[in-house]
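Order of the sequence lines fixes the chain letters, A, B, ..., with proteins taken first and strands second; residue numbering starts at 1 for each chain.
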Number of protein chains: 2
Amino acid sequence: MGVRPETEMTTYDVYAKNCPTRLVLDRLADKWALLVLNRLREEPVRFNQLRRDIEGVSQKVLTQTLRNLERDGLIRRQIFPTVPVTVEYSLTPLGQTLTRTVAALAHWAEENIDAVLTAQQTFDASRASHAHLR
Amino acid sequence: MGVRPETEMTTYDVYAKNCPTRLVLDRLADKWALLVLNRLREEPVRFNQLRRDIEGVSQKVLTQTLRNLERDGLIRRQIFPTVPVTVEYSLTPLGQTLTRTVAALAHWAEENIDAVLTAQQTFDASRASHAHLR
DNA sequence: GGCACCTAGTACCTATTGGAAACCAACCTA
DNA sequence: TAGGTTGGTTTCCAATAGGTACTAGGTGCC
């Protein structure tokens, strides 16, 4: 990356309305994007394989998600002129630095799902008992 | 966490359509939720303070976000009968285990924003040069 | 020749989201 | 009694997202 002047480094603030970091966070705050990144962490995957692996995603939305991630430089799209055509998606080096964090998020979800479900039940039960107040 | 039978531990799969971990990931895949969690990492914050700190969030959406996070057991809502009423939001222990990861995500965004913006420009320029093909 | 496969692009329509603003409740102050 | 403050809820409306389905193109298979 080379030497970079520190001009305005401190002005980046995720809480600020027009800060570009917000744009990045918006992009990452997408369940399909997170799932795609996490899936690609293991290996390069083809379009229809992704479509099959990630249950519930429609063709259109998967295309959009992949296009966005590609635009952000997080994944790479490679076309192989086989028959029928093969399109392989893989992580860029930049994407790889991110997926460690994404993997941690997915891991957290799998680890703490029980606690979350319990909390939800407690919350809902509490709400139900107060229902007459509404 | 104590001893826990390993029954069906391996059945949790974020890629599966109806897996509960998907629900958690969906909840986390929300830019306002991430921003709120990250803000609460520092200290307990009151409703209107959050509203002011997180630029661009509307009252309605902030309320919904907080309610969801509370339901998931990630944040706690405390009412102090002052005048006017004080409502303070803080992280639960469960929420704290998560925010380390959330913070890493926000940190990544601030660190790599330049690379992402550059990638976007390259991508858009490439698209523009191929525009005549469309 | 027709059909299937793979990776899309695009159009149409509907469901959900989200913003703006009004309303509410309690209580203090002027 | 009017007005202000905190922390909401509710209603209305517009924008966006997303699903379905049709189209396409190149090629091997039967």
Side-chain angles (χ1 to χ4, degrees), chain A residues 17-18 22-23 25-36 39-40 44-71 75-90 123 126-127 130-134, chain B residues 17 22-23 25-36 39-40 44-71 75-90 123 126-128 130-134:
Chain A
K17 201 170 187 173
N18 298 317
R22 263 283 189 82
L23 301 176
L25 209 59
D26 287 6
R27 179 69 25 91
L28 299 179
D30 179 279
K31 66 171 177 175
W32 300 124
L34 289 178
L35 286 172
V36 166
R39 180 66 186 82
L40 292 186
V45 185
R46 298 171 59 182
F47 183 86
N48 274 342
Q49 190 60 49
L50 274 175
R51 187 151 145 64
R52 280 187 293 267
D53 287 350
I54 302 175
E55 287 182 32
V57 69
S58 74
Q59 189 177 38
K60 177 183 161 185
V61 171
L62 181 56
T63 300
Q64 288 172 349
T65 303
L66 290 169
R67 210 57 70 245
N68 283 333
L69 290 174
E70 187 192 359
R71 188 173 107 97
I75 67 175
R76 187 170 49 149
R77 178 175 185 266
Q78 280 179 292
I79 307 175
F80 299 98
T82 54
V83 160
V85 63
T86 297
V87 179
E88 195 176 85
Y89 294 91
S90 56
F123 183 89
S126 168
R127 288 229 110 186
H130 294 317
H132 61 281
L133 296 177
R134 284 190 291 154
Chain B
K17 202 169 187 173
R22 262 285 188 81
L23 302 176
L25 209 59
D26 288 6
R27 178 72 22 93
L28 299 179
D30 178 281
K31 64 172 176 174
W32 301 125
L34 289 177
L35 287 172
V36 165
R39 180 66 185 82
L40 292 186
V45 186
R46 297 170 59 182
F47 183 84
N48 275 341
Q49 189 61 47
L50 273 176
R51 187 153 145 64
R52 279 188 293 268
D53 287 350
I54 301 176
E55 287 183 32
V57 68
S58 74
Q59 190 177 38
K60 176 182 159 185
V61 171
L62 181 56
T63 300
Q64 289 173 348
T65 303
L66 289 169
R67 210 60 71 244
N68 283 333
L69 290 174
E70 187 193 358
R71 188 173 107 96
I75 67 176
R76 187 171 49 148
R77 179 173 184 265
Q78 280 179 292
I79 307 174
F80 300 98
T82 54
V83 161
V85 62
T86 297
V87 180
E88 194 177 87
Y89 293 91
S90 56
F123 184 88
S126 167
R127 288 229 110 184
H130 293 319
H132 61 281
L133 295 176
R134 284 191 291 154

Send over the distance from [X] [atom1] to [N] [atom2], rounded to a whole Å.
{"X": "A:Trp32", "N": "D:dA17", "atom1": "CH2", "atom2": "C1'", "value": "13 Å"}
{"X": "B:Arg27", "N": "C:dT17", "atom1": "CZ", "atom2": "P", "value": "11 Å"}
{"X": "B:Arg77", "N": "D:dG7", "atom1": "CZ", "atom2": "P", "value": "9 Å"}
{"X": "A:Ile75", "N": "C:dT7", "atom1": "CD1", "atom2": "C1'", "value": "14 Å"}
{"X": "A:Glu70", "N": "C:dA8", "atom1": "CD", "atom2": "C1'", "value": "13 Å"}

What's the shortest heavy-atom distance between [X] and [Y], and which atoms?
{"X": "A:Arg39", "Y": "A:Asp53", "value": "NE-OD2, 2.7 Å"}
{"X": "A:Arg51", "Y": "A:Gln59", "value": "NH1-N, 3.3 Å"}
{"X": "B:Thr65", "Y": "B:Val36", "value": "CG2-CG2, 4.3 Å"}

Checklist entry - Who pairs with A:Asp26 by side-chain hydrogen bond (donor to acceptor under 3.5 Å, both in side chains), at least two apart in sequence or on another chain? => result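 Residues passing side-chain hydrogen bond (donor to acceptor under 3.5 Å, both in side chains) with A:Asp26: B:Lys31.
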Checklist entry - For B:Tyr89 and D:dG8, is the shortest distance between a side-chain N/O and OP1 or OP2 below 4.0 Å? => result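 The answer is yes; a side-chain N or O of B:Tyr89 sits under 4.0 Å from OP1 or OP2.
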Checklist entry - Say you draw a straight line from CZ of B:Arg71 to CZ of A:Arg127; how long is it, rounded to the nearest 0.5 Å? => result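 Between B:Arg71 CZ and A:Arg127 CZ, I get 10.0 Å after rounding to 0.5 Å.
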Next on the checklist: Counting neighbours of CZ on B:Arg27 that are heavy atoms of other residues, nucleotides or ligands and sit closer than 6.0 Å, is the number greater than 12?
Outcome noted: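 Yes, because the 6.0 Å sphere around CZ of B:Arg27 holds more than 12 heavy atoms from other groups.
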Item to check | Residues in contact with DNA chain D, drawn from residues 46-68 of chain A - heavy-atom cutoff 4.0 Å | outcome: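 Those residues are A:Ser58, A:Lys60, A:Val61.
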Checklist entry - Is there a residue in residues 79-88 of chain B whose heavy atoms reach under 4.0 Å of DNA chain D, and which residues are they? => result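 Heavy-atom contacts with DNA chain D come from B:Pro84, B:Val85, B:Thr86, B:Val87.
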Item to check | Heavy-atom check, side chain of A:Asn68 versus side chain of A:Asp30, under 4.5 Å | outcome: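 No. Closest side-chain heavy atoms not under 4.5 Å.
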Checklist entry - Got B:Phe123 and A:Arg67 here, is their nearest side-chain heavy-atom distance under 4.5 Å? => result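 In short, these two side chains touch, coming nearer than 4.5 Å.
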